[in-house]
Engineer: 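Below: one structure in structure tokens.
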Amino acid sequence: MQRTVHGKERVVAKSIKAYAIGEEWPVVAPDGSYVIMQTSGPGLSDFTDLRTRKTMGPPEKTDAWALLGFSPDGKRLLLSAERVVVFDRELRSRLRLKTRLSPSALAGDHTTAAVLVGKPEKYRQLRLLNLRTGRAGAVVNVKLPRGQYIDDVDFDRSDRLVVRSKTATGVAVYQVSRKTGAVQPLKKIKRPNVATWVLPGDETYERWTEKRS
């Protein structure tokens, strides 16, 4: 069942059966038509294309994958195990790279990935990695306001590089220049009075969104 933000529902598939072990939760592509089930294994279990009503098991017969993200058009999946691999929706390998870097997002060209640089929870730098050649660009200092850090990085549907940063009242989303690191505010979201909250594109739990006393 798919529900829009206006509350309308429609059946997207009647014949899909998915099985996973333990706790499981869905990660949905930006266009809403592709779902990956993550498990508490950890790992990934089922990959479902809602347009074709086809469910597949984990690629290359192993669940030892970490999901790094979707491309903005939802046509590519960025996964990592011993290597970073770009798969298409049929789970065919398109690019494969062995690297010590840890990409966090895949761009619209299906080749460029964003890599956060620095200490976890204190990220203020990033660089771009070419998944075809293995070459990484220069480290860019993201010019966030004082006291703010990069909590999430992605490429939007216009292929802009965007970061999300926790603020005193919620979160702010910024467009980032790939060359200079200059930021342009896109929107602010006020935090509701809850213990934890989930933002679009997040997993069901993100530790940085916990309410701190």
Side-chain angles (χ1 to χ4, degrees), residues 2 12 26-38 43-117 123 125-140 142 150-164 173-181 183-184 186 199-203:
Q2 183 183 74
V12 293
V27 181
V28 185
D31 65 356
S33 66
Y34 199 93
V35 179
I36 298 176
M37 297 299 295
Q38 290 188 327
L44 307 175
S45 59
D46 298 299
F47 294 68
T48 301
D49 191 331
L50 298 179
R51 296 181 306 180
T52 63
R53 301 187 179 186
K54 182 177 181 180
T55 295
M56 297 160 281
E60 300 179 359
K61 298 181 180 181
T62 175
D63 62 357
W65 293 102
L67 174 62
L68 305 179
F70 294 91
S71 60
D73 59 11
K75 294 182 179 180
R76 295 289 187 271
L77 323 172
L78 184 62
L79 308 181
S80 70
E82 294 182 356
R83 284 174 165 77
V84 175
V85 185
V86 177
F87 290 97
D88 63 19
R89 295 168 69 114
E90 293 292 324
L91 302 186
R92 294 172 296 210
S93 173
R94 296 293 187 171
L95 286 176
R96 186 179 296 267
L97 177 67
K98 189 170 185 178
T99 176
R100 294 182 179 180
L101 299 177
S102 301
S104 299
L106 181 63
D109 62 5
H110 304 158
T111 301
T112 303
V115 180
L116 296 178
V117 178
Y123 293 120
Q125 297 176 315
L126 55 79
R127 65 196 309 187
L128 298 179
L129 172 66
N130 187 308
L131 298 173
R132 189 178 304 278
T133 66
R135 295 178 180 175
V139 174
V140 175
V142 180
I150 302 171
D151 296 306
D152 186 69
V153 62
D154 209 346
F155 296 88
D156 67 11
R157 294 188 183 186
S158 298
D159 210 30
R160 297 176 298 183
L161 180 63
V162 296
V163 300
R164 195 169 62 203
V173 181
Y174 301 92
Q175 178 181 346
V176 180
S177 168
R178 301 189 188 195
K179 293 183 179 180
T180 68
V183 300
Q184 177 181 341
L186 296 177
L199 295 170
D202 280 353
E203 297 179 2

Engineer: Could you name each residue pair satisfying salt bridge (charged side-chain N to carboxylate O under 4.0 Å, His left out) that touches residues 91-106, not counting sequence neighbours?
Structural biologist: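 Residue pairs passing salt bridge (charged side-chain N to carboxylate O under 4.0 Å, His left out), neighbours aside: E60-R96, D88-R92, D88-R94.
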Engineer: Which atoms form the tightest heavy-atom contact between S93 and V85, and what is the distance?
Structural biologist: OG-CG1, 3.6 Å
Engineer: Which pair of heavy atoms, one from P30 and one from S71, lies closest together, and at what distance?
Structural biologist: CG-O, 3.8 Å
Engineer: Using the side-chain contact (heavy atoms from CB on, under 4.5 Å) criterion, which residues pair with V183? Sequence neighbours excluded.
Structural biologist: V142, L144, Y174, V176
Engineer: Counting only N and O atoms by type, is there a donor-acceptor contact under 3.5 Å from the side chain of T62 to the main-chain atoms of A64?
Structural biologist: yes
Engineer: Please enumerate all residues that pass salt bridge (Lys or Arg N to Asp or Glu O under 4.0 Å) together with R89, with sequence neighbours excluded.
Structural biologist: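 Salt bridge (Lys or Arg N to Asp or Glu O under 4.0 Å) list for R89, sorted by chain: D31, D49.
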Engineer: Under the side-chain contact (heavy atoms from CB on, under 4.5 Å) test, which residues partner L95, sequence neighbours left out?
Structural biologist: V86, T111, L131, R132
Engineer: Taking atom CE of M56 and atom OG of S45, what is their separation to the nearest 0.5 Å?
Structural biologist: 12.0 Å
Engineer: With rounding to the nearest 0.5 angstrom, report the CG to CG distance, L91 to L77.
Structural biologist: 6.5 Å
Engineer: Looking only at heavy atoms, what is the nearest atom pair of V115 and P103, with distance?
Structural biologist: CG2-CA, 3.9 Å
Engineer: Out of the candidates V140, L126, D154, T112, only one should pair with L161 under the side-chain contact (heavy atoms from CB on, under 4.5 Å) rule; please name it.
Structural biologist: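 Testing L161 for a side-chain contact (heavy atoms from CB on, under 4.5 Å) against V140, L126, D154, T112 leaves exactly one candidate, L126.
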Engineer: Restricting to salt bridge (Lys or Arg N to Asp or Glu O under 4.0 Å), what partner residues turn up for R178, sequence neighbours left out?
Structural biologist: D159
Engineer: Could you measure the distance from the CZ atom of R76 to the NE2 atom of H110? Nearest 0.5 Å is fine.
Structural biologist: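 So the gap between those two atoms works out to 5.0 Å.
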Engineer: What's the spacing between T99 OG1 and R135 CZ if we round to 0.5 Å?
Structural biologist: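 One finds 14.0 Å between OG1 of T99 and CZ of R135.
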Engineer: Look up atom CG in L101 and atom CG in L129, then write down how far apart they are to the nearest 0.5 Å.
Structural biologist: 5.5 Å
Engineer: So among D63, D46, V27, which one has a side-chain contact (heavy atoms from CB on, under 4.5 Å) with Q38?
Structural biologist: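 Looking at D63, D46, V27, the match for Q38 under the side-chain contact (heavy atoms from CB on, under 4.5 Å) is V27.
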Engineer: With rounding to the nearest 0.5 Å, note down the distance linking CG in L68 to CG in L79.
Structural biologist: 7.0 Å
Engineer: If the condition is ring pair (Phe, Tyr, Trp, His ring centres under 6.0 Å), which residues does F47 pass it with, not counting sequence neighbours?
Structural biologist: none
Engineer: Is the backbone of P59 close enough, under 3.5 Å, to the side chain of W65 for a donor and an acceptor to pair up by distance?
Structural biologist: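 The answer is yes, because a donor-acceptor pair under 3.5 Å joins these two groups.
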Engineer: Specify the closest pair of heavy atoms between R127 and A138, including all atoms of both residues, with the distance to one decimal.
Structural biologist: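 Minimum heavy-atom contact is CB-O, 3.7 Å.
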Engineer: Which heavy atom of V153 sits nearest to which heavy atom of S104, and what is that distance?
Structural biologist: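 It is CG1-CB, 3.6 Å.
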